[in-house]
Undergrad: 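First the structure, which I've put down as structure tokens, then a few questions once you've had a look.
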Amino acid sequence: MIHVVAAVTAKPGKREEILGHFRANVPAVLAEQGCIEYGPAIDADPALPFQARCGPDTFLVIEKWESMEALKAHAAAPHMKAYAEKTRDLIANRAVHILSPAA
């Protein structure tokens, strides 16, 4: 299994606009071969005192894929290219972490 955690930081005030495009794309991603989990997450509020907050312009994408091949196919999917085109000018920064379970 492959885990992905992507931190997406929007330009100031643009997070909800990006999330609108993201949510519209979720059904297509969940229908992809090998997709186990795919969804956005924002800071819980209230949370525990030791929480490291992402902030008002950032959201995380939490993903699980059956294999690296499934993740590669996802990255090349036409709906992902369309999503990237719609959000390109709204994103200030993005950091993608591709992880393997530490069994």
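All values derive from a computational prediction rather than experimental measurement.
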Undergrad: Nearest heavy-atom pair of Pro40 and Phe59: which atoms, and what distance?
TA: CB-CD1, 4.1 Å
Undergrad: Under a 4.5 Å cut-off applied to non-hydrogen side-chain atoms, are Glu63 and Leu71 in contact?
TA: yes
Undergrad: Is it the case that one hydrophobic cluster holds both Trp65 and Val26, taking links as side-chain heavy atoms less than 4.5 Å apart, direct or via other members?
TA: yes
Undergrad: Under the 4.5 Å side-chain heavy-atom rule for ILVMFWY, direct or indirect, which residues accompany Met1?
TA: Ile36
Undergrad: Has the side chain of Arg15 got a donor or acceptor atom that lies under 3.5 Å from a matching backbone atom of Ala10?
TA: no
Undergrad: With sequence neighbours excluded, what pairs up with Glu16 under the salt bridge (charged side-chain N to carboxylate O under 4.0 Å, His left out) test?
TA: Arg23
Undergrad: Rounded to the nearest 0.5 Å, how far does CG of Leu19 lie from CD1 of Ile42?
TA: 7.5 Å
Undergrad: Taking only distance into account, with no hydrogens and no angle test, what donor-acceptor pairs under 3.5 Å do side-chain atoms of residues 95-102 form with protein atoms, sequence neighbours excluded?
TA:
none

Undergrad: Is it the case that atom CD in Gln33 sees more than 12 heavy atoms from other parts of the structure closer than 6.0 Å?
TA: no
Undergrad: If we ignore hydrogens and angles and just use 3.5 Å, is the side chain of Arg94 paired with the main-chain N or O of Thr9 as donor and acceptor?
TA: no
Undergrad: Has the side chain of Ser67 got a donor or acceptor atom that lies under 3.5 Å from a matching backbone atom of Ala70?
TA: yes
Undergrad: Kindly compute the distance separating CZ (Arg53) from OG1 (Thr58), expressed to the nearest 0.5 Å.
TA: 11.5 Å
Undergrad: What are the two closest non-hydrogen atoms of Ala52 and Asp43, and how far apart are they?
TA: O-OD1, 4.4 Å
Undergrad: Applying side-chain contact (heavy atoms from CB on, under 4.5 Å), run through His3 and Ile62 and close with a yes or a no.
TA: CA-CA 8 Å; His3 299 266; Ile62 311 298; over 6 Å; no
Undergrad: Applying side chain to side chain contact (heavy atoms under 4.5 Å, CB included), can you list everything that pairs with Asn25, at least two apart in sequence or on another chain?
TA: Ala28, Val29, His79, Met80, Tyr83
Undergrad: Quick check: are there more than 12 heavy atoms from other residues, nucleotides or ligands sitting under 6.0 Å from NZ of Lys81?
TA: no
Undergrad: Could you tell me the separation between the OH atom of Tyr38 and the NE2 atom of His74, rounded to the nearest 0.5 Å?
TA: 4.5 Å
Undergrad: Can you measure from CD1 (Ile18) to CG (Leu90) and round to the nearest 0.5 angstrom?
TA: 5.0 Å
Undergrad: Only counting residues at least two apart or in another chain, list the ones meeting salt bridge (charged side-chain N to carboxylate O under 4.0 Å, His left out) with Glu32.
TA: none
Undergrad: Are Lys14 and Glu17 within salt-bridge range, i.e. N to O under 4.0 Å?
TA: yes
Undergrad: Going by the rule salt bridge (charged side-chain N to carboxylate O under 4.0 Å, His left out), which residues pair with Lys86 if we only count those two or more places apart in sequence or in a different chain?
TA: none
Undergrad: Are Val8 and Ile91 close enough that some pair of their side-chain heavy atoms sits under 4.5 Å apart?
TA: yes
